[in-house]
Amino acid sequence: MPKQSPFRNLGRLLSGRPASDDKAASTPEEMIFIPGAEPSARLDPWWWLVAAVVAILVLIIVLSPDPYWNILKFVSDGIGITVLLTVVSFVFIILVGLIGGIGRIAKNPVIHLIASLYVEIIRGVPLLVQLIWWYFAAPVAIQAFGKFIHVDAIANYQSNAILLAVVGLVICYGAYMSEIFRAGIESIHKGQMEAARSLGMTYVQSMRYVILPQALRVVLPPVGNEFIMLIKDTSLVSVVAVSDLTRRGREYMAAHFNPIETWTLIALVYLIMTLFSARLIAWLEKRRRYER
Amino acid sequence: MAEPIIHIENVHKHFGRIHALRGVNLDVQVGEVVVILGPSGSGKSTLLRCVNHLEVADSGKIVVDGIPLKTAQNINAVRQEIGIVFQSFNLFPHLTVRDNLTLAQRTVRRRVKEESEKVAMNLLAKVGITEKADCYPAQLSGGQQQRVAIARALAMNPKIMLFDEPTSALDPEMIKEVLDVMLALAKEGMTMLVVSHEMGFARAAATRCIFMDEGQIVEEGPPNTLFTAPRQERTKLFLSKVLQI
């Protein structure tokens with residue numbers, strides 16, 4: 001077979017024509033064209049969207065650095081807080097979801113009851129109300145408890161806004177994640193657990209090596225969805241004294257009175273974060289796919 | 001007579017209002033190949049699954065290799081001695097054929113990677129699919145998948161092999177390759193309990209055939225006697241229908 005140019009597919013990629021139209025497609029294998037099976041389906045529309053969003057952002061910053069560049073500099077620490085909140089919370093959300101999901105399918109009635117109560121109660125209360133509860137009510141409750149048991153360290157508890165925001169996000173999202181993991185585990189045929197157990201593996205081993213790896217692949221799309229929702233929902237912590245991207249935006253607007261510029265820029269920053277996350281998730285989904 | 005390796009005594013099992021097993025008694029000696037026949041819903045699969053505790057008997061006594069199956073603590077120890085092959089293969093789809101064979105060896109038997117892979121490759125050679133070691137189960141035909149499933153069970157060095165309708169989900173032309181593997185295993189002296197309607201296999205390999213109906217053992221005997229001269233009317237009726245085909 002002759003050595004082929006690495007660019008031989010470029011024309012086809014850009015035009016979307018089948019391979020059989022190309023001159024290079026002389027070998028029989030290449031005559032077969034399956035629609036949609038061409039490499040990465042030409043230029044993904046997602047790239048156009050990202051390119052457009054990034055272009056707009058760069059353009060407005062370059063064309064009018066005042067106020068856009070100033071806004072971006074002002075809110076940059078808020079971007080850091082938003083990313084930190086999202087990533088740290090998400091790690092714990094996965095853990096809570098895993099424990100909650102396994103709890104929901106547990107045969108032990110006590111564990112099942114606790115997991116179900118947790119999911120049902122948390123799902124029924126708005127996230128904003130939960131965050132406010134953790135920030136304003138929880139410290140008071142902790143201090144009262146400290147006085148009750150006469151431990152000064154607890155009675156003088158000083159709240160940490162970021163910590164309480166993470167706790168609020170993890171507990172709320174953990175409930176939704178529990179349901180996703182429960183559904184994922186239940187979607188795996190029970191013959192898999194039987195096969196693993198009949199080989200002498202323990203329940204934990206069977207879960208770890210057989211059920212969860214398969215369930216993880218099933219739940220990746222909804223888990224990714226939760227991640228993107230979490231990025232956006234972290235904006236709610238701006239009402240409980242956390243200087244995230246949204247709160248920094250409000251501060252800038254209050255000082256400079258330019259709502260259109262401030263909020264357009266902040267919307268674009270959120271959009272870029274969610275678009276890249278969506279791409280990361282799509283890549284993970286592709287990587288974890290296997291024949292079945 | 002020697003101590004039986006499987007001892008089943010007056011076992012009952014209910015699924016809701018269905019009385020699936022109604023007082024089954026069965027002893028299996030080391031090296032025996034017992035084929036269980038019977039119409040669907042007669043409790044043959046349930047009986048098989050009770051032996052390695054995938055189903056828990058409501059009452060009665062099951063002793064496997066000297067261990068009574070009442071205490072749940074030692075169930076993993078018993079299961080290590082029993083291999084089971086399912087109708088629907090139940091291979092792990094996210095692992096390659098090789099990893100399907102090595103997973104339990106490493107996690108349960110605590111064998112090191114090299115040793116477990118050596119065992120795996122030897123067994124794959126035995127069932128005749130070494131070249132598929134790095135494939136995923138979905139890339140294999142049904143017959144190949146079932147042979148991998150047999151090899152996976154054998155990798156744990158079981159003393160007993162259970163087969164739950166191993167050829168029922170296969171295309172006709174793939175049945176033989178699986179039966180050949182089972183036949184070879186029987187010749188080696190493996191203790192086998194087989195739920196199957198493969199009369200040819202029963203004639204060639206079985207030391208004993210058991211006919212079950214409505215949760216009870218109706219009749220048992222050597223395959224030739226049972227197939228040619230059944231004593232019970234129910235057995236005759238069943239065999240006349242099965243052998244006609």
Side-chain angles (χ1 to χ4, degrees), chain A residues 34 37 94 98 101-102 105-112 180-224 281 283-292, chain B residues 45 48-49 51-56 72-97 99-110 134-140 145 148-149 151-158 160-162 164 169:
Chain A
I34 303 161
I94 295 281
L98 209 54
I102 292 173
I105 57 165
K107 290 207 180 75
N108 183 321
V110 178
I111 296 173
H112 182 262
I180 291 175
F181 275 109
R182 178 184 65 80
I185 292 167
E186 282 179 344
S187 77
I188 306 304
H189 193 267
K190 78 176 174 56
Q192 292 289 311
M193 182 56 106
E194 287 184 353
R197 296 305 300 274
S198 70
L199 287 167
M201 292 165 80
T202 63
Y203 177 81
V204 174
Q205 285 174 331
S206 308
M207 270 286 168
R208 160 79 182 76
Y209 296 108
V210 176
I211 306 297
L212 288 180
Q214 295 182 59
L216 220 55
R217 181 183 151 277
V218 177
V219 301
L220 206 54
V223 166
I281 293 153
W283 177 75
L284 279 173
E285 271 175 45
K286 220 173 191 168
R287 226 172 54 101
R288 288 203 68 90
R289 200 171 294 159
Y290 55 84
E291 304 272 338
R292 59 182 303 169
Chain B
S45 289
L48 201 72
R49 290 161 61 85
V51 172
N52 78 340
H53 224 253
L54 284 178
E55 304 289 354
V56 183
Q73 281 80 14
N74 57 22
I75 190 62
N76 286 329
V78 173
R79 280 178 175 154
Q80 288 174 32
E81 308 304 328
I82 307 175
I84 183 163
V85 175
F86 300 92
Q87 181 179 351
S88 50
F89 324 138
N90 293 348
L91 293 176
F92 306 134
H94 60 302
L95 300 177
T96 61
V97 166
D99 291 342
N100 261 280
L101 264 66
T102 57
L103 177 62
Q105 293 189 62
R106 285 183 278 124
T107 54
V108 180
R109 290 272 189 241
R110 301 276 164 211
D134 294 309
C135 292
Y136 285 90
Q139 296 166 302
L140 272 55
Q145 288 192 46
V148 171
R152 179 178 67 177
L154 289 175
M156 300 298 286
N157 305 110
I160 305 162
M161 284 286 284
L162 309 176
D164 188 3

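Every chain is numbered from 1 and lettered A, B, ... according to where its sequence line falls, protein lines coming before strand lines.
When each of N52(B), V85(B), L103(B) is scored by its heavy-atom pairs under 4.5 Å with chain A, the top score falls to L103(B).
Shown here for H94(B) and V210(A), the closest heavy-atom pair between the two residues is CE1-O, 3.5 Å. V108(B) and Q205(A) make their closest contact through CG2-OE1, 4.1 Å (heavy atoms, listed as atom of the first residue, atom of the second, distance).
Residue contact with chain B, scored on non-hydrogen atoms closer than 4.5 Å, is absent for S206(A). For L91(B), the part lying under 4.5 angstrom from a heavy atom of chain A is the backbone only. Using a 4.5 Å cut-off between heavy atoms, L54(B) contacts chain A through its side chain alone, with no backbone atom that close. In this structure, the portions of F92(B) lying under 4.5 Å from any heavy atom of chain A include both its backbone and its side chain.
Atom-to-atom distance recorded for E194(A):CD and I84(B):CD1 is 8.0 Å, nearest 0.5 angstrom. One distance of note links CG of L199(A) with CD1 of I82(B); it measures 12.0 Å at 0.5 Å rounding. Between the CZ atom of R152(B) and the OG atom of S198(A) there is a distance of 6.5 Å, given to the nearest 0.5 Å. A distance of 12.5 Å separates CE in M193(A) from CG in N90(B), rounded to the nearest 0.5 Å.
Partner P93(B) forms a side-chain contact (heavy atoms from CB on, under 4.5 Å) with one of Q192(A), R217(A), H189(A) and no other, that one being Q192(A).
For E55(B), the salt bridge (Lys or Arg N to Asp or Glu O under 4.0 Å) partners at least two apart in sequence or on another chain are R49(B).
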